[in-house]
Amino acid sequence: MGKDVIIACDFSSKEEVFAFLDKFKDEKPFVKIGMELFYAAGPEIVKEIKKRGHKIFLDLKLHDIPNTVMKAMRVLANLDVDMTNLHAAGTAAMMEAAIKGLTREDGTRPILIAVTQLTSTSEERMRDELLIERPIDSVVIHYAMNSKKAGLDGVVCSPLEARKVHEICGNSFVTVTPGVRFADGEVGDQVRVMTPAQAKEIGSDYIVVGRPITQADDPVAAYRRCVAEFVG
Ligand code: C5P
């Protein structure tokens, strides 16, 4: 898997996302489209961004019964996205159904990664509300192993977990890591952060970077700085 910087396009309208992407004249960054933009602008937004030559990570985090996920994934594969995701908590049966739905007639399919535990879920909440009484790191690794067994390509994880995931699941199992900040930048609401250079050092395969690029005075320069630090 090639290392790349994915820009989280957390905008709420088509106009905003295009105004942002128009700033890029020489490169076509890999972009992440999340629920907000997808629900606001619909599947057309994916087709339009794709037509402009960008790779797309469609971050919809599917979690439902296997048959429903299989059919929804079939729709996403036809949208020609490059990467998409689901919740590993949906179990192996759901993940296997997702792969079946995503696989196109010619055998190709988008990269499929799993969310293990959301970073907003603390160990305490996991124990008290979800009744999962194990340390959160073991749960994350166990869910990553389940995802690998079900045939997925990787997981979304914090940069701090990427090394462990590779140790347990192998280096070809993809780690996609958000929570990236420049050494001299604002941290905002992210708690555990790493610089692009540190993310490279610990072996992340893809970094997902939102505000440090989208809110920068010069987004193109910020993107280039990320690529220079992370891809080299
Ligand atoms: O602006 P920022 O760089 O914090 O954006 C990070 C992106 O990654 C956002 O789209 C956020 O929803 C997503 N993300 C995250 N932490 C996770 C999973 C996804 O920050 N654990």
Side-chain angles (χ1 to χ4, degrees), residues 1-10 30-36 57-63 83-90 95 111-127 129-130 132-148 152-215 222 225-227 229-231:
M1 297 286 171
K3 280 191 181 289
D4 212 346
V5 173
I6 303 179
I7 305 180
C9 284
D10 293 324
F30 202 137
V31 301
K32 177 170 93 73
I33 299 177
M35 291 185 207
E36 184 186 9
F57 168 20
L58 190 56
D59 178 16
L60 299 181
K61 302 186 178 70
L62 273 67
H63 189 173
M83 183 187 289
T84 191
N85 60 358
L86 47 66
H87 276 280
M95 294 194 268
I111 295 171
L112 182 61
I113 57 174
V115 173
T116 54
Q117 282 292 333
L118 292 168
T119 42
S120 51
T121 306
S122 65
E123 191 164 292
E124 197 179 25
R125 284 187 186 151
M126 210 180 62
R127 187 188 60 230
E129 294 179 33
L130 308 181
I132 301 172
E133 303 196 349
R134 297 282 182 96
I136 196 156
D137 324 17
S138 337
V139 175
V140 166
I141 294 298
H142 186 71
Y143 283 25
M145 284 163 60
N146 288 351
S147 312
K148 189 180 175 188
L152 268 72
D153 305 298
V155 287
V156 187
C157 61
S158 92
L160 299 156
E161 291 155 354
R163 200 190 292 269
K164 187 81 193 278
V165 168
H166 278 145
E167 273 169 23
I168 307 282
C169 299
N171 279 334
S172 59
F173 195 64
V174 173
T175 51
V176 179
T177 58
V180 175
R181 292 294 179 265
F182 291 120
D184 53 2
E186 286 188 22
V187 174
D189 57 355
Q190 293 283 13
V191 181
R192 299 183 302 159
V193 298
M194 266 194 190
T195 65
Q198 286 167 330
K200 175 183 184 178
E201 173 71 28
I202 53 107
S204 293
D205 297 292
Y206 294 90
I207 50 174
V208 176
V209 189
R211 289 159 293 178
I213 296 176
T214 58
Q215 306 302 313
R225 181 178 171 193
C226 261
V227 173
E229 276 193 36
F230 181 66
V231 185

To the nearest 0.5 Å, what is the distance between [atom1] ([X]) and [atom2] ([Y])?
{"X": "K200", "Y": "D205", "atom1": "NZ", "atom2": "CG", "answer": "13.0 Å"}
{"X": "E161", "Y": "T116", "atom1": "CD", "atom2": "OG1", "answer": "6.0 Å"}
{"X": "L152", "Y": "L86", "atom1": "CG", "atom2": "CG", "answer": "5.5 Å"}
{"X": "E167", "Y": "K164", "atom1": "CD", "atom2": "NZ", "answer": "7.0 Å"}
{"X": "H142", "Y": "D137", "atom1": "NE2", "atom2": "CG", "answer": "14.5 Å"}
{"X": "D10", "Y": "I7", "atom1": "CG", "atom2": "CD1", "answer": "11.5 Å"}

Should [X] and [Y] count as side-chain neighbours, where that means a heavy-atom distance under 4.5 Å?
{"X": "Q117", "Y": "L130", "answer": "yes"}
{"X": "V155", "Y": "F173", "answer": "yes"}
{"X": "S158", "Y": "T177", "answer": "no"}
{"X": "Y206", "Y": "K3", "answer": "no"}
{"X": "M194", "Y": "L160", "answer": "yes"}
{"X": "T121", "Y": "E129", "answer": "no"}
{"X": "N85", "Y": "V115", "answer": "yes"}
{"X": "V5", "Y": "V180", "answer": "no"}

query = Mind checking whether H63 and H87 have parallel, tilted or perpendicular rings, split at 30° and 60°?
reply = tilted
Closest contact, heavy atoms only, [X] versus [Y]:
{"X": "I6", "Y": "K32", "answer": "CG2-N, 3.6 Å"}
{"X": "R181", "Y": "P196", "answer": "O-CD, 3.7 Å"}
{"X": "A88", "Y": "M95", "answer": "O-CE, 3.8 Å"}
{"X": "C226", "Y": "V209", "answer": "SG-CG2, 4.0 Å"}
{"X": "V208", "Y": "F57", "answer": "CG2-CE2, 4.5 Å"}
{"X": "V231", "Y": "D4", "answer": "CG2-CA, 4.4 Å"}

message = Would H166 and T175 count as a side-chain contact (heavy atoms from CB on, under 4.5 Å) here? Give the steps.
response = CA-CA 8 Å; H166 278 145; T175 51; 3.3 Å; yes
Any sub-3.5 Å donor-acceptor pair from [X]'s side-chain atoms to [Y]'s backbone N or O?
{"X": "D153", "Y": "I113", "value": "no"}
{"X": "S204", "Y": "I207", "value": "no"}
{"X": "T214", "Y": "G210", "value": "yes"}

inquiry  = For a side-chain contact (heavy atoms from CB on, under 4.5 Å) check, start with the C-alpha distance between T84 and L112, then their side-chain angles and the critical distance, and finish with the verdict.
reply    = CA-CA 5 Å; T84 191; L112 182 61; 3.9 Å; yes
Full working for side-chain contact (heavy atoms from CB on, under 4.5 Å) between M83 and V176 = CA-CA 11 Å; M83 183 187 289; V176 179; 4.2 Å; yes
task = Please step through side-chain contact (heavy atoms from CB on, under 4.5 Å) for the pair V187 and R211, ending with a clear verdict.
result = CA-CA 9 Å; V187 174; R211 289 159 293 178; over 6 Å; no
message = Taking CD in E201 as the centre, count heavy atoms belonging to other residues, nucleotides or ligands within less than 6.0 Å. Is the count above 12?
response = no
Salt bridge present between E123 and R127 (N-O < 4.0 angstrom) = no
